[in-house]
Protein chains: 2
Amino acid sequence: MKDSFKTLFWQDNKLVMLDQRILPYEEKYLTLSTAREVADAIKTMVVRGAPAIGVAAAFGVVLAAMEANGNTAKLMASCDILAAARPTAVNLFWAINHMKDVIEAHGADASMLRAEAQRILDEDIAACRKMGSYGAEYIPDNSTVLTHCNAGALATAGWGTALGVFRSAVAAGKNIRVLADETRPRLQGGKLTAWELQKDGIDVTVISDNAAASLMRMGQVDAVVVGSDRIAANGDVCNKIGTYSVALAAKAANVPFYVAAPVSTIDMNCPTGDDIPIEEREAEEVTHINGVQILPSGVPVRNPAFDVTPAALVTAIFTEIGVFKDNIAKALKEALVRDL
Amino acid sequence: MKDSFKTLFWQDNKLVMLDQRILPYEEKYLTLSTAREVADAIKTMVVRGAPAIGVAAAFGVVLAAMEANGNTAKLMASCDILAAARPTAVNLFWAINHMKDVIEAHGADASMLRAEAQRILDEDIAACRKMGSYGAEYIPDNSTVLTHCNAGALATAGWGTALGVFRSAVAAGKNIRVLADETRPRLQGGKLTAWELQKDGIDVTVISDNAAASLMRMGQVDAVVVGSDRIAANGDVCNKIGTYSVALAAKAANVPFYVAAPVSTIDMNCPTGDDIPIEEREAEEVTHINGVQILPSGVPVRNPAFDVTPAALVTAIFTEIGVFKDNIAKALKEALVRDL
């Protein structure tokens, strides 16, 4: 499959990223030269998707190191600013903590840190391809699969998590049709998932979020695959708001509900989904669409950005180290908790 | 409560209706003088909501009678055009069939038919107030209630079905807070429910459809009340797309799920929800919002307008003749099937 776009990459000592806020209307790359700009890009969702946020933050640390010029205290302060950009996706903290560990072990040399960030980027793509090939085995040939939000190449350094599974299924010669929930309020499904699958020639149809449950009930969906922003130690899955509804409908219709995520998304320090902080975003995401007001003036809004799907509704989790299923909590513990 | 607007009314031998397509931005009344204009108004959703469509169609028959000028065959043909305007809401067919019965029994006199249509309108408001008072008893004081789409004064001749229950609870002195699902694709919750509750000073907060399940899971919703476009003999409830998701989430969170609808919504000739024809509407409702394109060009869309909530997920149905609960299918049969 052609590399039809790049989510983010390092060039001429700067971080370049596709501005996802204006997709699918415009394909424009932004060049960021400070850690503050990277933090703002994460906050304002120029870049989004848990793995992509992690990679962006790692390069943010590289830019911070260039700015700090050997001042480790200053560098560490910049790390904390980056970590505070968004609260839910654990990959952000994972990447920052990893870069901090490297700084503590090997110092604040920017070019060494750049190599480390690049390694995180390359490993993210490799992880996506790996979980894609594991997951693709669970996708039947000639099937209709449903996804929520965008867990695609745009949400990672490339290939994607949930959409990576679909790409791997297609690469393996399977014939699939993707239903993309539009994913209000920000419409990442309708805008980003539709855009990137169209771009790669994968059959995609957009539905309003409200239609997903009914199509499953009518037997028109063979499998659901979504990404995740954080997976708790008990297997609860935090993901884009609305994922929990999809999981309930899948359970009711006996449709398998899969989650595709790198191991860096699994937070073994977080006992359950209810321990994950849920970001509430600004009302304007609901009151306006593309800058046009849709609700009556002055009406209050609640806008939680994520929800929690209990582990009991999850059929399996695809990761780069294998597939967790059956007793997911136990399997995660066995694989990820090292004996001390 | 003040009569802050009117959904539709008869004036100077014409049918006047609030143009719901441009709410909440503009409050404009359209004056219709032919049956064809009424059929188009139903089709294009100038007026929507199962009971309001029924009342509009009855007045459409009056206009048809004025046009037919005693030609009963011509009048009956106009009735069929009106009945074909939309396929799912049974109140439309109920009203047309009722008017046809009256024509067959008493002739095609327009002023007699006008009195009959007015009686349907008045009885619709009376039915809403009656089911509202029955339903209000199930709404706890100091509670948060959730609704989907608009089953309000705007969806009826006045007062509303689900929102009528809320109005009756408020009128009975109860303190309630309404969460309104925005209800994609046409946003009737965000636009119409928010508008009419704001207008009546009832506390309303809009959420994206995706947020409903999570708020229920977090214990932040005490009851759900929705309307219906058709209720099958077995108690399955057909309503705006997304209602089934809300019902699944309510069940999972042990939140009561109530349906408020006049008896004319119950179709005892329809054995189950799966026998109800589901209207698929044009793609543009999903691809565009307020005329602005939001999806990538050329991406296919599926747009079913309604879904079916199985009776097993319904706690009770509020009607003007009482509350159906426990074994709903049995209760409906006992109340509504006359021995021959």
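Lettering follows sequence order; numbering is per chain, from 1.
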Which pair of non-hydrogen atoms, one from [X] and one from [Y], has the smallest distance, and what is that distance?
X	Y	value
K191(B)	L295(A)	N-CD2, 4.4 Å
E182(A)	V286(B)	OE1-CG1, 4.2 Å
H148(A)	N210(B)	CE1-OD1, 3.6 Å
A249(B)	L248(A)	CA-CD1, 3.6 Å

Option in [options] with maximal non-hydrogen atom pairs under 4.5 Å from chain B:
options	result
M216(A), K251(A), E285(A), R217(A)	R217(A)
Q198(A), R184(A), K240(A), M218(A)	R184(A)
T287(A), V246(A), N303(A), D274(A)	D274(A)
A252(A), G189(A), S214(A)	S214(A)

Completion exercise
OG (S245(B)) and CG (D209(A)) are apart, to the nearest 0.5 Å, by 9.0 Å
Practice task
Output the distance between atom CG (N290(B)) and atom CG (N290(A)), rounded to the nearest 0.5 Å.
Solution key: 10.5 Å
Handout entry: Residues, nucleotides or ligands: over 12 heavy atoms within 6.0 Å of K6(B) NZ
Key = no
Portion of [X] that has a non-hydrogen atom of chain A nearer than 4.5 angstrom:
X	answer
I241(B)	both
P296(B)	both
S297(B)	backbone
D203(B)	neither
L23(B)	neither

[X] versus chain B, the contacting section by heavy-atom distance below 4.5 Å:
X	value
L179(A)	neither
V292(A)	side chain
P300(A)	both
I294(A)	both
R177(A)	side chain
E196(A)	neither
V308(A)	both

Practice task
Against chain A, work out which of L187(B), T205(B), D307(B) has the most heavy-atom pairs shorter than 4.5 Å and name it.
Solution key: T205(B)
Handout entry: Counterpart residues, side chain to side chain contact (heavy atoms under 4.5 Å, CB included), relative to D19(B) (two or more places apart)
Key = R21(B), I22(B), L30(B), V46(B)
